[in-house]
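Here's the structure, in structure tokens; my notes come after.
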Amino acid sequence: MLTSERADPPSGDGEQPAPADHRPASAWQRGLGRYGYFGPDRSPLRHRLVPPMPDGPGAPPPDGPSPLLARLGVGLPAALWAWLYRWSGWLGPVAVAVFAGVLRFVHLGSPDAVIFDETYYAKDAWSLLHLGYEASWPDDANKDIIGTPQSIPLSSQAAYIVHPPVGKWIIGLGEWVFGLHPFGWRFAVALLGTLSVLMIARIARRLFRSTLLGCTAGLLLAVDGLHFVMSRTALLDLVVMFWVLAAFGFLLIDRDRTRARIADALGATADHPDASPDAVLAARLNLGWRPYRLLAGVSLGLACATKWSGLYVVAAFGVMVVLWDAGSRRLAGARHPHLATLRRDGLPAFGSMVVVSLVVYVSSWAGWFASSAQPGKGGYFRDWAAHRSGLSSEYITLPVFGRQKMPFQVDLTWVPDKFRSLWHYHSEVYNFHRNLHSPHVYQSNPWSWPVLGRPVSFFYESPKQGQAGCQVSECAREVLGIGTPLLWWAGIVALAYCLYRWALRRDWRAGAILCGLAAGYLPWFEYQERTIFFFYAVVFVPFLVLAVTMMIGAMIGQARASRERRMIGGVAAGLLVLSIVWNFLYFFPIFTGQAIPMDEWNARMWFRAWI
């Protein structure tokens, strides 16, 4: 169903007018049209392969000024209006990203403390900058780092770490520029959070062919509480989210470019968009060099090299792109599109998605490889294989299947020591993650995540009057890792809508959104018995936002819907977006650790489980 080619998008603003033969003819069809159904798509082949963008480069220039501006009595010179029209696809998303950046960077250094798991990653990042591997720190190191004058008690003794290094290298870039201070270790993550807002605005614009919906998606991500808090905290999960979203964007660009190449091969050009499908050409066509798919592989490799949860995204996106290629060949006329795709595209897809990701992942350990293999002088387990020979492990631990006995053992002495040491390290880390059952007051089950069942308090203190800006007898300061409630609860409805669009209307966009969300969410159900936290959900927040945006597009209605229908839908959609923004502003003090009266803090604790 990911390969279906329904071309009746629910998005509204800026869509190309439907051809005359799309209009319902009978009274029954006209009645259905009032509710958004217009029958099968009979647009030219090129437009079915690559629907035109509503504005920007390549779109037909406007015949006159914006009808909305005309109704408001705003007149613009023709040249200025043409320039705004051409660049609106960038101007809107950039404006939303600037808004998100201001939110994220203002008072980024507050709280002036090491909050939650920053105690691991901020110090690991500093170790990587100076040693190339993660080193041990004294138990009271946080006090020395935050203290005045500052003391940085870094040792050269390797530390046992359980996550790959890329996310910590990124955090370290901010520390390299600004020093080992809260602003320094949060800077790079805040930058990625801001860029992700720009990316999702552009991604949604491409996905829904609507600049308005693209900017809406960017705004919704900018005001999601979980994304906001994670953008201002030096943890790894937002870094994973950034690379997963980047990979999704690159794959969308690759999809459009590839389908445009197919349309050109069939003779469906931009000037003459209609053509006939060709079964032979569609089955045998070589889709050529695909640089954006390689960039997606690099991005997925960086996601895996930040946290291993990226592996599930590699698998899910790998299946998705093969199904996308099969759908393209089927629309071009191939009689056996899946077989043709496996023959022509399967191996290149595996190489660009899996092999490239693996190369990037192994390369990310360069600092560990470069450290000394002498005992006690390099990274953890760097010397494990030195002067050690023997057979492969008798047992191996696999996802889902658990610990399995191998039918035979292999002599691995010929493998370079550093790779055998790295493999042993990974085996130990996997066992650690698999057996992490230590109870934590803020752990949660993934079933509760969509309804915000148990958020995570990253920081909390109760200042008295005159302390930390408190102006009453008792205040509360908290950084609560929780999504904006109205956005997440609307997201539950939006996911049901996407399931309907995917399963019953064969809408590939809904399938793509669900694929990204499932890859970031469903794997955690395999580990329900271990200690996991709600903030892991930030990886799939962009896809939740895309689902809500798709639902908003359906509320607005298609461009060929009646004016009354679009007006009612637009008002309802606008009220939903404004309510979400208000909800974010209401919770803003407990997203940023502001001192507020205890009564106001209690008013924001809507459920006991949030305390």
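FYI, side chains are in, hydrogens and waters are out, and symmetry mates aren't considered; it's all heavy atoms of this structure.
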If you define the side chain from C-beta out and look only at heavy atoms, does anything of [X] sit under 4.5 Å from [Y]?
X	Y	result
Trp502	Arg509	no
Trp137	Ser127	yes
Glu134	Leu128	yes
Val429	Tyr160	yes
Val229	Val479	yes
Arg205	Ser210	no
Ser156	Tyr133	yes
Val189	Ile170	no

Give a yes or no on whether the backbone of [Y] and the side-chain of [X] come within a donor-acceptor separation of less than 3.5 Å.
X	Y	result
Ser457	Leu480	no
Arg104	Ala222	yes
Asp507	Arg501	no
Ser371	Gly379	yes
Glu428	Tyr425	no
Asn431	Ser427	yes
Gln443	His440	yes
Arg454	Ala609	yes
Ser448	Asn445	yes
Ser364	Tyr361	yes

- [ ] Decide yes or no on ring-ring contact (aromatic ring centres under 6.0 Å, His included) for Tyr380 and Trp368, but give the supporting numbers first.
- [x] CA-CA 8 Å; Tyr380 205 85; Trp368 184 88; 9.9 Å; no
Open item on the list: One pair to check against ring-ring contact (aromatic ring centres under 6.0 Å, His included): Trp365 and His426. What are the steps and the verdict?
Closed with: CA-CA 12 Å; Trp365 289 84; His426 279 59; 5.2 Å; yes
Drop me the distance from [X]'s [atom1] to [Y]'s [atom2], to the nearest 0.5 angstrom.
X	Y	atom1	atom2	answer
Asp237	Lys307	CG	NZ	3.5 Å
Asp144	Leu180	CG	CG	11.0 Å
Gln465	Ser473	CD	OG	7.0 Å
Ile482	Ile590	CD1	CD1	6.5 Å
Leu191	Leu108	CG	CG	10.5 Å
Leu103	Thr194	CG	OG1	9.0 Å

Looking at [X] and [Y], what are the two nearest heavy atoms and their distance?
X	Y	answer
Leu495	Ala547	CD2-CB, 3.9 Å
Ala595	Gly469	CB-C, 4.3 Å
Ser309	Val240	OG-CG1, 4.3 Å
Gly483	Trp488	CA-NE1, 3.3 Å
Pro446	Pro450	O-CD, 3.6 Å
Tyr312	Pro523	CG-CG, 3.5 Å

Task: Any donor-acceptor N or O pair under 3.5 Å, side chains Ser155, Gln157 - done: no
Task: Modelled atom types, side-chain donor and acceptor of Thr484 and His227, under 3.5 Å - done: no
Open item on the list: How about CD on Gln471, more than 12 heavy atoms from neighbouring residues, nucleotides or ligands closer than 6.0 Å, or not?
Closed with: no
Open item on the list: Counting only heavy atoms not in Trp489 (residues, nucleotides, ligands), do more than 12 fall under 6.0 Å from its CH2?
Closed with: yes
Parallel, tilted or perpendicular: which fits the ring planes of [X] and [Y], with parallel below 30° and perpendicular above 60°?
X	Y	value
Phe535	Phe458	perpendicular
Phe228	Phe588	tilted
Tyr521	Trp449	tilted
Phe317	Phe248	tilted
His130	Trp126	tilted

- [ ] Determine, stepwise, if the pair Thr216 / Leu212 fulfils side-chain contact (heavy atoms from CB on, under 4.5 Å).
- [x] CA-CA 6 Å; Thr216 300; Leu212 173 63; 4.3 Å; yes
Task: Within 45° cone and under 6.0 Å: Arg202 NZ/CZ vs Trp90 ring - done: yes
Task: Stacked cation flag Lys168 on Tyr120, 6.0 angstrom / 45 deg - done: no
Task: Test ring-ring contact (aromatic ring centres under 6.0 Å, His included) applied to His181 and Trp185, step by step - done: CA-CA 6 Å; His181 301 284; Trp185 62 63; 7.7 Å; no
- [ ] Kindly indicate, with the supporting measurements, whether the criterion side-chain contact (heavy atoms from CB on, under 4.5 Å) is fulfilled by Phe183 and Asp112.
- [x] CA-CA 8 Å; Phe183 183 89; Asp112 186 16; over 6 Å; no
TODO: Return the set of residues passing disulfide (SG to SG under 2.5 Å) with Cys475 (not counting sequence neighbours), or none when no residue passes.
DONE: Cys470
Task: Test side-chain contact (heavy atoms from CB on, under 4.5 Å) applied to Met598 and Ser462, step by step - done: CA-CA 8 Å; Met598 186 63 70; Ser462 301; 4.2 Å; yes
Open item on the list: Using the rule given for ring-ring contact (aromatic ring centres under 6.0 Å, His included), can you reason through Tyr527 versus Trp308, listing the C-alpha separation, both sets of side-chain angles and the distance that settles it, and then say yes or no?
Closed with: CA-CA 13 Å; Tyr527 303 101; Trp308 286 0; over 10 Å; no
Task: Ionic contact status for Glu118 with Lys123, cut-off 4.0 Å - done: no
Open item on the list: Let's go through Leu236 and Ile171 carefully: what are the C-alpha distance in whole Å and the side-chain angles of both, what is the deciding distance for side-chain contact (heavy atoms from CB on, under 4.5 Å) to 0.1 Å, and is it a yes or a no?
Closed with: CA-CA 9 Å; Leu236 302 180; Ile171 293 171; 4.2 Å; yes
Open item on the list: Using the salt bridge (Lys or Arg N to Asp or Glu O under 4.0 Å) criterion, which residues pair with Arg206? Sequence neighbours excluded.
Closed with: Asp256
Open item on the list: Give me each pair satisfying side-chain hydrogen bond (donor to acceptor under 3.5 Å, both in side chains) with a member in residues 598-611, each pair once, sequence neighbours excluded.
Closed with: Glu478-Trp601
